[in-house]
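Every value quoted in this text rests on a predicted model; they were computed, and no experiment measured them.
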Amino acid sequence: MSFIVTTGATGRLGGRVAALLAAAGAEQRLVSRHATGRAPRLDRATAADASYGDRAAMRQALDGASTVLFVSASESADRLGQHRTFVDAARDARVSHLVYVSFYGASPEATFTLARDHWATEQYIRDSGLTFTFLRDNLYADFLPGMAGNDGVIRGPAGQGRVAAVAQDDIAEAAAGVLLGPKEHEGITYHLTGPQALTLDEVAATIGAATGRDVTYHAETVPEAYASREIFGAPGWQVEAWVSTYLAIAAGELEGVTGDIPALTGHPATSLAELLDREHL
């Protein structure tokens with residue numbers, strides 16, 4: 001009997017999707033590195049431990065699956081390699097349909113360095129022969145408040161560029177809809193965004209109004225951005241990814257607003273103000 005595999009089920013996005021699928025009565029297998037004991041307990045759901053880089057374990061975890069939600073791996077220097085191993089396992093398991101959570105504007109020339117990895121993963125999926133749907137998500141609106149430091153300042157070289165950040169609940173609802181009716185979404189790439197594109201000054205003002213904090217935006221230069229992040233001791237590739245997120249905003253690569261969330265969910269995309277009000281931040 002076929003079922004849906006939900007990867008990343010112990011994470012924020014995968015967990016949301018799993019809950020929606022369970023509410024719809026779908027049978028699913030929840031897969032992550034430590035799914036056993038950590039995955040949510042849901043009706044008609046079982047758990048399986050497997051990491052993206054372990055082809056044999058993932059092949060076993062995907063065995064019998066019809067449709068698979070492929071949530072991208074955690075940021076790491078070898079993430080693309082992990083993704084390719086996962087796709088190989090999905091092909092070995094004869095998965096019918098792979099739904100990959102990609103990134104808005106994924107391309108080999110993307111300013112945001114990790115968007116290039118997403119594009120490479122998309123190409124690998126295409127070349128594998130697997131039936132696919134790509135969900136290219138803009139930045140998560142849920143994470144925007146965390147961009148402000150303890151002093152309430154959002155720092156980055158985004159200039160006055162705009163970002164159409166999207167709520168994770170909207171992404172999860174869109175993904176669940178695709179997983180429950182995959183046939184009509186075969187071969188389609190969706191671009192999931194919020195309802196409006198905001199500058200980081202506007203993001204800061206929205207967060208401040210919702211939380212009562214004094215939140216502001218400081219447009220760093222690129223050298224300032226690298227210097228201000230040295231204290232975290234992160235590897236060079238990760239610092240470059242952090243800084244390039246802001247540079248992608250400055251370049252206008254994250255400002256596009258689409259109607260894909262409304263089309264997939266049947267309701268308007270959630271604005272940042274609505275999200276913050278809902279979360280009572």
Do Leu69 and Tyr140 belong to the same hydrophobic cluster, where Ile, Leu, Val, Met, Phe, Trp and Tyr are linked whenever their side-chain heavy atoms lie under 4.5 Å apart, directly or via other members? yes
Could you give me the CA-CA distance, side-chain angles and deciding distance for Glu220 and Ser228, then say whether side chain to side chain contact (heavy atoms under 4.5 Å, CB included) is met? CA-CA 9 Å; Glu220 292 179 310; Ser228 66; 2.9 Å; yes
How close do Asp214 and Thr216 get, counting heavy atoms only, and between which atoms? OD1-CG2, 4.0 Å
Do Phe70 and Thr121 have side chains that get closer than 4.5 Å, going by heavy atoms? yes
Looking at every heavy atom in both Leu192 and Ala174, which two are closest together, and how far apart are they? CD1-CB, 4.3 Å
Could you check whether atom CZ of Arg94 has more than 12 heavy atoms from other residues, nucleotides or ligands sitting under 6.0 Å from it? no
Can you tell me how far apart OH (Tyr124) and CG (Leu130) are? Round to the nearest 0.5 Å. 10.5 Å
Would you call Arg84 and Leu80 a side-chain contact if the rule is heavy atoms closer than 4.5 Å? yes
Hey, is CG on Asp43 packed in by over 12 heavy atoms from elsewhere, all under 6.0 Å? no
Reported OG-to-CG distance for the pair Ser271 and Asp170, which is rounded to 0.5 angstrom: 10.0 Å
Any side-chain donor paired with an acceptor under 3.5 Å for Tyr52 and Thr7? yes
For the pair Glu122 and Ser102, evaluate side-chain hydrogen bond (donor to acceptor under 3.5 Å, both in side chains) and give the outcome as yes or no after the intermediate values. CA-CA 8 Å; Glu122 289 183 0; Ser102 185; 2.7 Å; yes
Side-chain donor-acceptor pair under 3.5 Å between Ser76 and Asp78, yes or no? yes
Cluster link Ile188 to Phe132, ILVMFWY, side chain under 4.5 Å: yes
Quick note, ring-ring contact (aromatic ring centres under 6.0 Å, His included) partners involving residues 203-232, not counting sequence neighbours, are Phe232-Trp242
Would you indicate whether the side-chain heavy atoms of Leu135 and Phe103 approach each other to under 4.5 Å? no
Tell me if the CD atom of Gln196 is crowded by more than 12 foreign heavy atoms within 6.0 Å. yes
Would you call Asp142 and Arg16 a salt bridge, using N to O less than 4.0 angstrom? yes
Hey, are Gln28 and Thr6 close enough side-chain-wise for a donor-acceptor pair under 3.5 Å? yes
Tell me the closest heavy-atom pair linking Ala65 and Val5, and the distance in Å. CB-CG2, 3.6 Å
Same cluster or not: Met147 versus Val243, using hydrophobic residues (I, L, V, M, F, W, Y) connected whenever any side-chain heavy atoms lie under 4.5 Å apart? no
Within-4.5 Å side-chain heavy-atom neighbours: His118 and Ser72: yes
Nearest heavy-atom neighbours spanning Ala250 and Gly159: CB-N, 4.3 Å
For Arg229, I'd like to know if atom CZ has over 12 heavy atoms of other residues, nucleotides or ligands within 6.0 Å. yes
Inter-residue atom distance His191.NE2 - Ile261.CD1, 0.5 Å rounding: 12.5 Å
Report yes if some heavy atom in the side chain of Leu276 is under 4.5 Å from a heavy atom in the side chain of Thr211; otherwise report no. no
Heavy atoms of Leu20 and Ala176 approach each other most closely as CB-CB, 3.9 Å
Side chain Arg29, main chain Ala61, donor-acceptor under 3.5 Å: yes
Hey, what else clusters with Trp237 if you join Ile, Leu, Val, Met, Phe, Trp, Tyr whenever side-chain heavy atoms sit under 4.5 Å? none
How far does CG of Leu30 sit from OG1 of Thr10, to the nearest 0.5 angstrom? 9.5 Å
Under a 3.5 Å cutoff, is there a donor and acceptor pairing between the side chains of Thr85 and Gln82? no
Any idea how Phe134 and Tyr100 line up, ring-wise: parallel (<30°), tilted (30 to 60°), or perpendicular (>60°)? perpendicular
Would you please test Val203 and Ile154 for side chain to side chain contact (heavy atoms under 4.5 Å, CB included) and show each step? CA-CA 9 Å; Val203 168; Ile154 298 173; 4.2 Å; yes
Kindly indicate whether the side chain of Arg116, heavy atoms from C-beta on, has any atom under 4.5 Å from the side chain of Pro108. no
Out of curiosity, does Leu247 fall in the hydrophobic cluster containing Leu198 (side-chain heavy atoms, cut-off under 4.5 Å, transitive links)? no
Within this structure, what is the CZ-OG1 distance for the pair Arg136 and Thr193, rounded to the nearest 0.5 Å? 13.5 Å
Closest non-hydrogen contact found for Leu264 with His185 is CD2-CE1, 3.6 Å
Pairwise side-chain contact, His97 with Ser66, heavy-atom cut-off 4.5 Å (strictly under): no
Does the pair Asp54/Arg59 count as a salt bridge with the N-to-O cut at 4.0 Å? no
Would you check if there is a donor-acceptor pair between the side chains of Thr113 and Glu240 at a distance under 3.5 Å? no
Whether Arg33 and Asp49 form a salt bridge (side-chain N of Lys/Arg under 4.0 Å from carboxylate O of Asp/Glu) is what I want to check. no
Lys/Arg-Asp/Glu bridge criterion (N-O < 4.0 Å) met for Arg162, Glu202: yes
Euclidean distance, Asp277 CG relative to Thr270 OG1, rounded to 0.5 Å: 11.5 Å
Would you please say whether a donor-acceptor pair under 3.5 Å links the side chains of Glu186 and Thr133? no
Looking at Ala120, is its backbone amide N or carbonyl O close enough to the side chain of Gln123 to form a donor-acceptor pair, meaning the two atoms are under 3.5 Å apart? no
Would Arg55 and Asp92 satisfy side chain to side chain contact (heavy atoms under 4.5 Å, CB included), going step by step from the backbone distance to the final call? CA-CA 9 Å; Arg55 183 169 174 172; Asp92 293 346; 2.9 Å; yes
Linked, directly or transitively: Leu42 and Val71 (ILVMFWY side chains, under 4.5 Å): no
Taking the side chain as C-beta and beyond, is there a heavy-atom pair between Leu21 and Ile4 under 4.5 Å? yes
Tell me, with the steps shown, if Val163 and Tyr104 meet side chain to side chain contact (heavy atoms under 4.5 Å, CB included). CA-CA 11 Å; Val163 57; Tyr104 186 91; over 6 Å; no
